[in-house]
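Below you'll find the structure, written out as structure tokens, and then a few comments.
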Number of protein chains: 2
Amino acid sequence: MQISSRFTIAIHVFACMEVFGEDYKITSDFLASSINVNPVIIRKILSQLRNAGLIEVARGTGGTTATRPIDEITFYDVYLAVDLLEEGELFHFHENPNPNCPVGKNIHTALDDRLLHIQGAMEQEMKKYTIADVVNDIKKCLTVPK
Amino acid sequence: MQISSRFTIAIHVFACMEVFGEDYKITSDFLASSINVNPVIIRKILSQLRNAGLIEVARGTGGTTATRPIDEITFYDVYLAVDLLEEGELFHFHENPNPNCPVGKNIHTALDDRLLHIQGAMEQEMKKYTIADVVNDIKKCLTVPK
DNA sequence: ACAGATGTAACAATAAAGATTACAATATTT
DNA sequence: AAATATTGTAATCTTTATTGTTACATCTGT
């Protein structure tokens with residue numbers, strides 16, 4: 001199973017905020033049209049980003065802005081904000097290994113640490129990329145159209 | 001969303017083969033009882049491991065054995081065998097960004113490379129651990145009961 | 001008060017994982 | 001050759017999570 005598209009959608013949201021923020025008000029409808037999903041999905045994701053302190057959403061009047069420079073917002077920040085993993089664990093462990101079996105009783109102990117290391121390697125890599133990196137690439141495509 | 005329990009189940013399978021292989025015939029029923037899932041689930045996973053060349057399954061008579069020493073079977077081998085990700089991609093991208101929007105048109109280009117690097121970091125870490133590591137830890141628990 | 005937004009609940013639709021039943025095919029034993 | 005135990009696999013069901021949609025209360029500037 002894959003990691004939910006909430007993650008790529010959230011990054012898309014930030015990209016729109018940066019590219020269009022000066023010329024347009026960034027509403028959930030505006031975002032929904034670029035991302036091509038339902039505005040309510042966007043609003044849920046905006047809520048999560050707001051709860052994580054990454055953005056501010058103007059209630060009533062509408063519009064969204066980042067709370068800090070986008071070169072200080074990493075993929076990891078977004079990943080945490082949109083709450084992709086249940087219990088924060090990447091791997092789904094089979095729930096009820098047999099406690100009367102020597103292997104079943106100890107499989108968790110023998111695996112958990114290593115699974116966390118694997119998850120940790122992924123999360124460390126996520127910290128290396130920022131929203132600014134993505135926006136820079138998009139802007140390159142805009143200024144040098146093929 | 002989490003990665004399917006097929007992965008931890010498959011590792012559990014190998015651990016049972018190693019720990020019990022000399023004293024018992026490792027059938028899908030035997031495994032199902034230690035892992036505590038349905039035998040048909042086990043048989044599907046065994047099929048995948050067999051297709052990947054990691055094990056041999058004795059048809060008719062029953063029983064399962066690894067095709068090579070377990071210190072040469074990494075988590076990554078198992079991960080590939082049980083086919084956890086659709087299209088091999090860890091991240092689910094929102095399907096239809098608006099091609100008429102400058103951001104929507106280019107978001108894929110700007111993101112794909114970085115997502116692959118993140119996935120790659122996870123997969124590289126998976127190559128560091130073998131079934132033997134897990135079995136050693138389990139055996140420690142057995143010989144030195146608390 | 002109005003108009004345009006957001007916040008959120010409720011529920012439907014879709015998709016994937018996992019569970020279960022059933023049975024044909026295979027191999028060993030007697 | 002028949003009996004037995006097991007694998008291989010199809011079909012179906014249940015459960016769970018995601019995503020989509022409708023509806024509406026709430027908020028804010030005009």
May I ask you to check whether over 12 heavy atoms, not counting those of B/Glu72, lie within 6.0 Å of atom CD?
yes
For B/Tyr24 and B/Phe30, take the angle between the two ring planes, folded into 0 to 90°, and tell me which bin it lands in: parallel under 30, tilted 30 to 60, perpendicular over 60.
tilted
Of A/Arg43 and B/Arg43, the one whose closest DNA chain C nucleotide lies more 5':
A/Arg43
Do the side-chain N or O atoms of A/Ser4 get closer than 4.0 angstrom to the phosphate oxygens (OP1, OP2) of D/dT19?
yes
Quick check: on DNA chain C, is the nucleotide nearest B/Ala58 upstream (toward 5') of the one nearest A/Thr64, or the reverse? Name the residue that is more 5'.
A/Thr64
By the 4.0 Å heavy-atom rule, please label A/Gly62 as base, sugar-phosphate, or nothing.
sugar-phosphate
Please determine whether any donor N or O and acceptor N or O are separated by less than 3.5 Å between the side chain of A/Arg59 and the base of D/dT26.
yes
Ring-plane angle category for A/His12 and B/His94, please: parallel below 30°, perpendicular beyond 60°, tilted otherwise.
tilted
Footprint ends on DNA chain C, 5' to 3', for atoms under 4.0 angstrom from a heavy atom of chain B, come out as C/dA16 to C/dT28
The residue, A/Ile9 or B/Gly60, whose nearest nucleotide of DNA chain D is more 5′ is B/Gly60
5' priority, DNA chain D, between A/Met1 and A/Asn38 [closest heavy atom]:
A/Met1
Could you tell me how the ring of B/His108 sits relative to the ring of B/Phe93: parallel (under 30°), tilted (30 to 60°) or perpendicular (over 60°)?
parallel
Write down the distance between CD1 (B/Ile41) and P (D/dT9), rounded to a whole number of angstrom.
15 Å
Test item: side-chain donor near acceptor, A/Glu95 and A/His92, under 3.5 Å
yes
Nearest-Å distance for atom pair NZ/C1', residues A/Lys44 and D/dT21
10 Å
If you check every side-chain atom of A/Val40, which of D/dG29, D/dT19, D/dA23 has the closest atom?
D/dA23
Looking at every strand, decide which applies to B/Val57 at a 4.0 Å heavy-atom threshold: base, sugar-phosphate, or nothing.
sugar-phosphate
Taking the ring of B/Tyr76 and the ring of B/Tyr129, is the distance between their centroids below 6.0 Å?
no
Nearest whole Å is fine: how far is D/dG8 C1' from B/Asp29 CG?
14 Å
Under the criterion side chain to side chain donor-acceptor pair (under 3.5 Å), I'd like the reasoning laid out for B/Asn106 against B/Thr109: C-alpha separation, chi angles, the key distance, then a yes or no.
CA-CA 5 Å; B/Asn106 296 302; B/Thr109 311; 4.9 Å; no
What integer distance in Å separates B/Ile42:CD1 from D/dT9:P?
16 Å
